[in-house]
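Structure below; questions to follow.
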Amino acid sequence: MLRSLVGRAFSLAAVAPGVRAYVTRGQRNAMQKALDKAEMVLNPRTQVPEPSILPADRQRLRLDPLLSQLVNMVMRDGKKQRAERLVQDALLDIRAHTQSDPYVVVSDAISLVCPMMDTKRGRQGSKTVQVPRALNLRQRRRRAIMWLLDAAKRRNEREFGMRLSGELQAIVNGTSGVLEKKLALHKTVLANRSNIRTTLPRMGAR
């Protein structure tokens, strides 16, 4: 994915002696040729020409359920192309630092912080209690991405793409505070499990 920009990322990344690079020399040359043919656009913020997102890469960002949901939650004021660029920068930074498939890192990180259950307010007599409820896949991912973006905003990196990349890597390495939020929610669900009531139909009831 994102082959039009991978060559530049690997040309800047240092590879330790004796460590096999993620791509071969032939693949790197093919990526460089694709980079040379890529259409360049002027970044309005930095005034530096950058390769534009290829249609195939944009299609992957929009059609893949996980990446599409991540892009939509990063997006602000309807600027979807800017959100795609930020997610793309994060994926390239992950590949440059881990020398692995960035999509696998993103998928593993979000899976690690996805809560299975949540709590909602409910009435029990005259009291307001927290009632645990199960979440579907999209709801679990939404909660995980909300925690992820909130933690990324608090990081010290200058660019948002770098902050997002750093937080995803921290989750995989087990050093992110997002994991503690998931554990706290899990404890809350366990503490309120007695509020779950199962109503069975009575025999003979019409």
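Residue numbers start at 1 and run along the sequence shown.
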Interatomic spacing from CZ in F160 to CZ in R82 - rounded to 0.5 Å
9.5 Å
Could you measure the distance from the OG atom of S107 to the CG atom of L70? Nearest 0.5 Å is fine.
11.5 Å
Point-to-point distance, once rounded to the nearest 0.5 Å, from CG of L86 to CZ of R163
9.5 Å
Tightest non-hydrogen contact, residues L149 and M73, listed as CD1-O, 3.6 Å
Would a distance-only check, ignoring hydrogens and angles, find a side-chain to backbone donor-acceptor pair under 3.5 Å from R193 to L190?
yes
Quick one: do M75 and V106 end up in the same hydrophobic cluster if we chain Ile, Leu, Val, Met, Phe, Trp and Tyr together by side-chain heavy atoms under 4.5 Å apart?
no
I want to check something: taking the side chain as every heavy atom from C-beta on, are D93 and Q169 in contact at a cut-off of under 4.5 Å?
yes
Linked, directly or transitively: V131 and L185 (ILVMFWY side chains, under 4.5 Å):
no
Under 4.5 Å between side-chain heavy atoms, hopping through other hydrophobics if needed: is there a path connecting I171 to M146?
yes
Closest non-hydrogen atoms of R140 and C114, given as atom of the first, atom of the second and distance, are O-SG, 3.7 Å
Start with the C-alpha distance between Q69 and I145, add both sets of side-chain angles, then the distance that settles side-chain contact (heavy atoms from CB on, under 4.5 Å), and finish with yes or no.
CA-CA 9 Å; Q69 189 172 5; I145 295 174; 4.1 Å; yes
Any donor-acceptor pair under 3.5 Å linking the side chain of S165 with the backbone of G161?
no
Please tell me whether R85 and Q88 have a donor and an acceptor in their side chains that are separated by less than 3.5 angstrom.
yes
Would you call M117 and L135 a side-chain contact if the rule is heavy atoms closer than 4.5 Å?
no
Closest non-hydrogen atom pair, L164 against A90:
CD2-CB, 3.9 Å
Can you get from L66 to L112 by hopping between Ile, Leu, Val, Met, Phe, Trp and Tyr side chains that sit under 4.5 Å apart?
yes
Shortest non-hydrogen contact from A170 toward R155:
CB-NH1, 4.2 Å
R133 backbone acceptor or donor facing D118 side chain under 3.5 Å
no
Smallest separation among heavy atoms of K181 and R154, with atom names:
NZ-NH1, 4.4 Å
First locate atom CD1 of I94, then atom CG of L168, and finally report the distance between them rounded to the nearest 0.5 Å.
4.5 Å
Run V113 and L179 through side-chain contact (heavy atoms from CB on, under 4.5 Å) and show every step you take.
CA-CA 6 Å; V113 296; L179 298 171; 3.5 Å; yes
M162 and E157 have their tightest heavy-atom pair at CB-CB, 3.9 Å
Trace of the side-chain contact (heavy atoms from CB on, under 4.5 Å) decision for V129 with R121:
CA-CA 6 Å; V129 296; R121 291 183 179 181; over 6 Å; no
Are Y103 and V74 connected in the hydrophobic side-chain network, where two residues link if heavy atoms are under 4.5 Å apart?
yes
Which is it for E159 and D89 under the side-chain contact (heavy atoms from CB on, under 4.5 Å) test, yes or no, and what are the steps along the way?
CA-CA 9 Å; E159 300 290 338; D89 291 343; over 6 Å; no
Taking the side chain from N136 and the backbone from Q139, do they hold a donor-acceptor pair closer than 3.5 Å?
yes
Examine the side chains of E167 and S176 and answer whether a donor and an acceptor come within less than 3.5 Å of each other.
yes
